[in-house]
Amino acid sequence: MPRVFVLFFAAVLSTSAVVGAHHAVTPFYDLTKTVEFDGVVTRWIFKNPHSFLYLEVVDEKGQKVEWEIELGAPIILTKQGWTPDTVKAGDRIHAKGSPSRAPGTHGLSSMAGGTLTRQDGSRLVAESGDTPFGRGGRGQQP
Amino acid sequence: MRGTLATLTAALAGAAALLYLSVHAGAQTRPASTSVPELTGVWSNQTEGRCTPNGRNCPFKVEELPLNARAVAYWQFFDEPIEPKYDCVPATSPGIIQDPYMTEIQQLPDRVVLRYEKDDVTRVAWLQGREPQKKEYSWQGLSVARYEDNALIVETTHFLFDPGGLDDQGGLASSHKKRVIERYWREGNVLHARVTTEDPLFLTAPVTFETVWQLAPKSAKLATFECDPEQASRPLKFMPKKYPDGPAKIPDVTVGPPLYRGLGETK
């Protein structure tokens, strides 16, 4: 009787830490670190397999830096109430999450416990993975 | 007691014989036989208890997997950019099955069609005893199906080498010898799947996972994925390069396959 390993795939995932459905998170983002900042939305790209939110952020030296924030797949975000108009250029967002690993890059994962908060305090992405639309979640990022 | 046991044994043997005949005689059709489950419909991934890709319901670790030395060596060499997914090449089974997207099953007399929201993948599992031909290798492989004990069994072989084909997430490859056996059965409005993967080139034993879906409302339809290659590859720049760009010098010819050692040397 061959040895059978139940739930094999998640086994791999548990080692590669938190993953999205399209790719693993840990090769790209350092989950041991957290950064947070306020920024103004410049672009919101709502295309599969990942949506990306771009924020213009003024760093500690007064320089403008563009951060790229990775979100889940629109095909699943749509089921949670997201649309191409959920975020608009000019919106002010507070972002918190794991930074990208490659030196000189300004990437942030909203997956793996990241948060995105509007100026009025409402959450676009909460740590649990739930959205202000009240669905999805359970820590499962699309 | 002994008589009851004998009757039960005879009944089971008869049922097994009928099942064998129904499977091997070809012309498998639905839905006359009670051994054919009603699986046609759209199935939602939004189900508690699903084996989610974040590992929440999946406590095992990669160190516990039955990888052979080749698989471990490949895993160490693996570099994320070689995954064709970053150019929108679709995931294969078994990875495609456990992703958190909706799935549609359509049962026809001669085939079962399995559609996935992710990557717009459509798989066809052939009934009626069709066997793969030697040359029928393809990215998704060739699937044949049968009904057995009120379950749908799908067996897929004839895959191509897939750089991440064992898991779709962790850098474990699968070979052309990969064989995936999916067993689907229904309990009320819950679809269960038990998926076993064999690959003698990378695994020393089969690996299995289970997952579930919830029957979606009749109005539910699969959305189109329309993967955008620019978006798909965008995260790659966030990863430090494992291997430098540009030509690489082979430091020692003895590290290559034996056939190539000394190639080009003059005597």
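Please read these numbers as outputs of a predicted model, since none were measured by experiment.
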Looking only at B/C227, B/G164, B/C88, most heavy-atom pairs under 4.5 Å shared with chain A are made by B/C227

Is it the side chain or the backbone of B/T204 that comes within 4.5 Å of chain A heavy atoms, both, or neither? neither

Would you say B/S233's side chain and B/P229's backbone share a donor-acceptor pair under 3.5 angstrom? yes

Top contributor to chain B contacts, counting heavy-atom pairs under 4.5 Å, from A/S109, A/P103, A/G107: A/G107

Parallel, tilted or perpendicular, judged at 30° and 60°: which one describes the rings of B/Y86 and A/F28? perpendicular

For A/S51, is it the side chain, the backbone, both, or neither that has a heavy atom closer than 4.5 Å to a heavy atom of chain B? backbone

Under 4.5 Å from any heavy atom of chain B - which part of A/T105: side chain

For the residue pair A/F52 and A/H50, does the interplanar ring angle fall in the parallel (under 30°), tilted (30 to 60°) or perpendicular (over 60°) class? perpendicular

Going from CZ on B/R123 to CD1 on B/I105, what distance comes out if it is rounded to the nearest 0.5 angstrom? 10.0 Å

Name the option with the most non-hydrogen atom pairs under 4.5 Å to chain A; the candidates are B/K241, B/R234, B/E230, B/E226. B/R234

Give the ring-plane orientation class for B/F202 versus B/F161, where under 30° counts as parallel, over 60° as perpendicular and anything between as tilted. tilted

